[in-house]
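So that the names make sense, note that chain A is the first sequence line, chain B the second, and so on, each numbered from 1. None of these values were measured; they are calculated from a predicted model.
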Amino acid sequence: MADADDPELLPGMVRATVKASQAKARATKARKAAEAEPAAVDPVARVLVDVPLPHLDRTFDYTVPVAMADTAVPGARVKVRFAGQDVDGFVLARGAESDHTGRLAPLRRVVSAEPVLHPQIATLAGELAERYAGTRSDVLRLAIPQRHATTEKEPSAPAGPWAHDAAAGEAAWVDHQPGPAFLRHLATGGSPRAVWSAAPATDWPALVAHAAAATHASGRGVVICVPDGKDVARVDRALIAVLGEGQHVTLTADAGPARRYRDFLAISRGARRIVVGTRGASFAPVDDLGLVVIWDDGDDLHAEPRAPYPHTRETLLLRAERESAGALIGGFVRTVEAAYLLRTGWAQEIAADRAEVRRRVTVQLAGTETDRARGGRIPREVHLAVRDALETGPVLVQTPRLGYVNILACERCRTPARCQVCLGPLALAGPATPPACRWCGTVDEAWACAECGHRGLRAPILGDARTAEELGRALPNTRVRTSSGDTVLATVSAAKQVVVATPGAEPVAEGGYAAVVLLDTWLLLSRIDLRAGEEALRRWADAAALVRPGGRVVAVGDPAHPTLQALVRWDPAGNAERETDERLAAHLPPASRLATITGDPGAVDDAVTLLAAPASAELLGPVAIDGRGAEGESRIVVRVPRAEGPDLSRALGELQRLRSARKLDAVRIQVDPPTL
DNA sequence: GCTAACTGAGCA
DNA sequence: GCTCAGTTAGCG
């Protein structure tokens with residue numbers, strides 16, 4: 001260095017360029033000095049850097065140059081030099097000094113002074129990262145939308161005036177007790193928590209809107225999460241009807257970056273206090289949160305498919321606890337997780353009484369063995385019921401999605417064909433091949449039905465198009481429409497018509513359907529899954545609930561099946577209790593905490609030896625998993641009693657930090673996977 | 001993840 | 001004694 005500082009020692013030819021570069025270096029140095037001149041107040045910024053590595057999920061201190069003193073506020077996006085490159089980060093806090101012993105690097109740039117990361121969301125990200133054994137930066141990627149500079153320059157319009165009609169809210173809730181008391185509690189600043197089983201034919205978006213209005217009346221904010229955009233639109237309309245325009249915003253993934261950021265900012269800046277959206281909205285930084293609402297928490301759309309895979313219900317319940325807000329877990333059915341909240345006394349029950357439910361709907365079963373043997377898909381009595389109901393209004397027919405269950409069934413009694421080795425579903429790999437298990441690959445040449453002994457197999461005839469065709473033939477002068485896949489109808493008019501829809505794609509009918517028909521219920525039940533029963537009832541009830549008050553529901557299926565019996569009795573609570581008992585007996589969630597570790601077989605083995613799991617932990621597997629880009633991977637399940645859940649999460653987090661620090665092959669960890 | 005520092009092999 | 005590819009620690 002001393003030599004280079006003295007140009008006389010260098011040959012003349014290069015002297016000029018050296019001088020020029022030295023002048024440049026001096027200028028850079030001077031600029032750097034100015035930049036590095038630390039702010040007078042709180043010159044240290046604690047920065048969370050956006051790197052995906054678990055062992056780097058901690059804050060790093062940087063000095064705040066005086067030029068950034070006012071913009072590098074907590075919550076602001078910044079660029080910092082990290083490991084020799086520029087990375088994004090958030091300022092978590094400012095402070096007078098650092099506990100880092102070395103020299104601090106200056107912040108490189110304040111991307112924007114907009115404080116998009118609120119303290120309560122930063123804390124939430126930390127707790128979720130810990131629970132799901134992931135990183136805060138992964139959670140924040142889900143929580144904070146992409147910045148849109150143009151949008152950020154515009155101010156957020158303040159909310160206009162509004163009035164609270166408490167009487168209207170209580171009237172709307174009167175059939176669901178103690179709903180009115182729940183609303184009063186919210187309106188007076190309380191934070192009640194309830195699991196709400198909506199009666200069929202309930203205009204649930206309106207009730208949710210009234211709960212939001214009651215909370216709003218107490219001067220607090222509301223977060224409402226629903227499964228999909230169709231539901232967001234319904235609640236949006238209901239909020240407008242109850243509170244007027246401009247009191248709330250909607251947050252959906254498909255809104256486009258500008259719109260999304262604008263609505264996020266309206267919440268972040270406190271210009272709006274009520275938000276309704278899909279799962280991403282669960283992170284909305286609503287000021288002074290008073291109520292969280294989740295509708296239909298069993299819908300798998302509430303399960304985030306990106307790491308660390310947080311579930312909307314868990315995110316919202318955690319926020320309700322931490323931010324002392326009320327909670328409303330609503331649906332036409334009840335998940336075992338919601339039932340558990342009642343069992344533990346965390347929440348109270350809100351439901352309609354038996355008489356009210358009976359006034360609203362009658363559910364009948366149709367389809368006897370003789371009907372089936374005749375080979376007709378739609379039993380005669382269903383045809384009659386449809387014709388009958390069409391006299392007074394539209395009819396909804398739910399039919400399982402084509403390819404939803406790619407399995408074979410007994411030709412005679414329609415019991416799904418299962419593998420003798422592992423109970424997996426049998427399927428045909430191709431024409432003229434014997435049936436084989438889709439899970440373990442075992443070929444079963446000599447299959448015979450376990451129920452009736454019959455040896456013939458058939459692929460079920462399915463699909464909304466087939467059903468629509470069959471109904472169209474039977475009802476020559478009736479309009480038959482379909483709603484499924486890419487062409488989902490949101491609503492239909494009150495006109496007399498038949499709407500054939502796949503589960504989840506049922507349109508809402510103006511005034512409700514005169515009748516709802518559920519076809520091929522056995523197919524939804526044949527899914528061999530942890531949640532098959534719960535999921536089947538959810539899909540039936542969500543369709544059946546679209547009936548008009550006093551309407552009729554006809555389900556085609558086996559009257560002996562307990563899940564269908566729960567539908568007939570309209571007893572989501574009983575079904576959840578039964579499912580919960582089964583889960584308890586089988587040591588499955590919510591009585592236990594489960595986690596899966598997936599990856600290369602070697603890496604998974606290795607991870608298990610490194611995992612300092614609680615002593616009570618059970619390891620199930622590893623098993624090889626196939627299909628969908630998981631070639632040659634294996635998976636192990638770790639199970640602990642619920643009370644040890646936090647210990648397991650901590651151990652899994654520690655495992656990920658250890659593995660990333662040592663640069664071992666990555667493994668994917670999922671805590672409480674929605675399905676196994 | 002990335003960079004920068006470190007290591008030792010290979011060669012003058 | 002030096003370069004350089006390969007390795008690895010640590011990131012403020």
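In this structure A/Arg269 satisfies the salt bridge (Lys or Arg N to Asp or Glu O under 4.0 Å) test together with A/Glu114, sequence neighbours excluded. Take A/Tyr340 and apply the ring pair (Phe, Tyr, Trp, His ring centres under 6.0 Å) test, not counting sequence neighbours, and it matches no residue. With sequence neighbours excluded, the residues satisfying side chain to side chain contact (heavy atoms under 4.5 Å, CB included) with A/Thr71 are A/Met68, A/Val110, A/Ala113. In this structure A/Arg46 satisfies the side chain to side chain contact (heavy atoms under 4.5 Å, CB included) test together with A/Thr59, A/Asp61, A/Ala93, sequence neighbours excluded. Every residue two or more places apart in sequence or in another chain was checked for a ring pair (Phe, Tyr, Trp, His ring centres under 6.0 Å) with A/Tyr309, and none qualifies.
If you take CG of A/Asp86 and C1' of B/dT3, they are 13 Å apart, rounded to a whole angstrom.
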Filtered N/O pairs between nucleotides 9-12 of chain C and protein, under 3.5 Å:
{"from": "C/dG10", "atom 1": "O6", "to": "A/Lys663", "atom 2": "NZ", "distance (Å)": "2.8"}
{"from": "C/dC11", "atom 1": "N4", "to": "A/His55", "atom 2": "NE2", "distance (Å)": "2.8"}
{"from": "C/dG12", "atom 1": "O3'", "to": "A/Asp61", "atom 2": "O", "distance (Å)": "2.7"}
{"from": "C/dG12", "atom 1": "O3'", "to": "A/Ala105", "atom 2": "N", "distance (Å)": "2.8"}
{"from": "C/dG12", "atom 1": "N7", "to": "A/His100", "atom 2": "ND1", "distance (Å)": "3.4"}
{"from": "C/dG12", "atom 1": "N7", "to": "A/His100", "atom 2": "NE2", "distance (Å)": "3.3"}
{"from": "C/dG12", "atom 1": "O6", "to": "A/His100", "atom 2": "ND1", "distance (Å)": "3.4"}
{"from": "C/dG12", "atom 1": "N1", "to": "A/His100", "atom 2": "ND1", "distance (Å)": "3.3"}
{"from": "C/dG12", "atom 1": "N3", "to": "A/Asp61", "atom 2": "N", "distance (Å)": "3.2"}

